[in-house]
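First the structure, in the form of structure tokens, and then the observations on it.
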Amino acid sequence: KGRYVSGEQDATPATVSFTVDAIQGPAIIFYPRRHIISSGSTATFQIKAYEVDSLMSATITISYDTASLEIVSVSQGDMFTGTGESVFIDESASGSLTIHTMFMGGDTPYVSGTGTLASIFVKALAPGSHTLSLDGTQVLKTHTNRSIPINETVNGLVLIQ
């Protein structure tokens, strides 16, 4: 809304509509991308499949520094819990976490769009900037067992104060 030197204002404010689409799907992303927490505190990240089509299964491996971060727990997201059965398995090893999740049954054996595959609860151990990294081996599959190409991945960052 503009105002003239005389104090008179425009009757109708100007508007601008725009959309920010910084990620080109299909993608796997940490959401939020960053947490700022104190040592000893916990933070929750969601692992999201972003702009996928006909997704039936996902395998994701995350690497992290065990001296700086501790994975407290992992839980299934809501992407595969709609109208059918689902499988969710998480396997932890020193410095890595692998998540296998799959949609089974229902009228449509797949999902499309954007949704949460898993939630990860992380405890801060040491001050500094620490990354939860998608290690490049993630696989998304359709209900016909075709691989879905992943255009982008976004890691998670924990800033521990």
Side-chain angles (χ1 to χ4, degrees), residues 15-37 41-66 68-125 128-160:
T15 61
V16 176
S17 295
F18 62 92
T19 301
V20 176
D21 189 5
I23 299 171
Q24 299 301 312
I28 299 175
I29 64 172
F30 273 82
Y31 181 82
R33 294 180 182 186
R34 176 181 71 164
H35 280 289
I36 301 172
I37 59 176
S41 297
T42 59
T44 304
F45 284 101
Q46 294 176 344
I47 304 298
K48 290 187 169 265
Y50 186 81
E51 294 180 350
V52 294
D53 186 33
S54 303
L55 179 65
M56 185 195 72
S57 70
T59 299
I60 301 160
T61 300
I62 299 157
S63 301
Y64 61 96
D65 178 8
T66 57
S68 307
L69 300 171
E70 175 188 344
I71 303 292
V72 176
S73 66
V74 182
S75 63
Q76 183 174 13
D78 60 4
M79 190 154 198
F80 290 141
T81 59
T83 60
E85 297 292 319
S86 62
V87 173
F88 185 83
I89 301 168
D90 62 278
E91 303 170 322
S92 293
S94 182
S96 77
L97 168 69
T98 300
I99 297 168
H100 306 278
T101 185
M102 173 185 241
F103 188 69
M104 297 174 51
D107 294 335
T108 307
Y110 58 85
V111 295
S112 295
T114 298
T116 303
L117 295 170
S119 292
I120 301 173
F121 303 89
V122 180
K123 183 176 182 180
L125 301 178
S129 177
H130 308 289
T131 304
L132 292 154
S133 301
L134 294 160
D135 77 347
T137 63
Q138 46 279 341
V139 177
L140 302 177
K141 294 274 190 165
T142 68
H143 65 291
T144 59
N145 204 31
R146 285 184 305 116
S147 290
I148 298 172
I150 301 168
N151 292 333
E152 193 168 350
T153 58
V154 177
N155 294 327
L157 179 66
V158 181
L159 299 175
I160 304 171

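Since the structure is predicted, the reported quantities are computational estimates derived from the model, not experimental observations. Note that the numbering runs from 1 along the sequence shown for the chain.
Under the 3.5 Å distance criterion, the side-chain polar atoms of E85 are left unmatched by any main-chain donor or acceptor of M104. A donor-acceptor pair under 3.5 Å links the side-chain atoms of N151 to the main chain of G25, judged by distance alone. Between the side chain of T142 and the backbone N or O of T144 there is at least one donor-acceptor pair closer than 3.5 Å.
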Starting from the C-alpha separation in whole Å, work towards a yes-or-no answer on side-chain contact (heavy atoms from CB on, under 4.5 Å) for L132 and V122. CA-CA 10 Å; L132 292 154; V122 180; 3.9 Å; yes

Determine whether T42 and I37 satisfy the following criterion, side-chain contact (heavy atoms from CB on, under 4.5 Å), listing intermediate values before the conclusion. CA-CA 7 Å; T42 59; I37 59 176; 6.0 Å; no

Please assess F80 against V111 for the test side-chain contact (heavy atoms from CB on, under 4.5 Å), listing each intermediate value before the final yes or no. CA-CA 7 Å; F80 290 141; V111 295; 3.6 Å; yes

Using side-chain contact (heavy atoms from CB on, under 4.5 Å), reason through T153 and F30 one step at a time and then give a plain yes or no. CA-CA 8 Å; T153 58; F30 273 82; over 6 Å; no

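Taking CG from L140 and CD1 from I28, the interatomic distance works out to 4.0 Å, rounded to the nearest 0.5 Å. Between atom CG of residue L125 and atom CG of residue D65 there is a gap of 9.0 Å, rounded to the nearest 0.5 Å. Note: E152 CD to Q24 CD = 7.0 Å, rounded to the nearest 0.5 Å. Between atom CG of residue D78 and atom OG1 of residue T116 there is a gap of 5.0 Å, rounded to the nearest 0.5 Å.
No side-chain heavy atom of V52 sits under 4.5 Å from any side-chain heavy atom of L117. Between D53 and I148, every side-chain heavy-atom pair lies at or beyond the 4.5 Å cut-off. Here the side chains of M79 and T101 are not in contact, with every heavy-atom distance at 4.5 Å or above. Counting only heavy atoms from C-beta outward, the side chains of Q46 and S119 approach each other to under 4.5 Å. Counting heavy atoms from C-beta on, the side chains of T108 and F103 never come closer than 4.5 Å.
Taking each heavy atom of P26 and P149 in turn, the nearest pair found is CG-O, 3.4 Å. Between H143 and Y110 the shortest heavy-atom distance is ND1-CD2, 3.3 Å. Residues T44 and F121 come closest through the heavy atom pair OG1-CD2, 3.0 Å. Here the closest heavy-atom approach between residue S54 and residue S112 is recorded as N-OG, 2.9 Å. Annotation for R34 and F45: closest pair N-CE2, 4.3 Å, computed over non-hydrogen atoms.
Applying the ring-ring contact (aromatic ring centres under 6.0 Å, His included) test to Y64 and every residue at least two apart in sequence or in another chain returns nothing. H130 is linked by a side chain to side chain contact (heavy atoms under 4.5 Å, CB included) to S68, L69, I160, counting only residues two or more places apart in sequence or in another chain.
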Distance-only donor-acceptor pairs under 3.5 Å for side chains of residues 87-98, two or more places apart:
unit_1 : atom_1 : unit_2 : atom_2 : d
E91    : OE1    : H100   : NE2    : 3.2
T98    : OG1    : T61    : OG1    : 3.0

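For K123, the NZ atom sits in a loose shell: 12 or fewer heavy atoms of surrounding residues, nucleotides or ligands are nearer than 6.0 Å.
When only modelled atom types and interatomic distance are considered, T81 and Q76 share no side-chain donor-acceptor pair under 3.5 Å.
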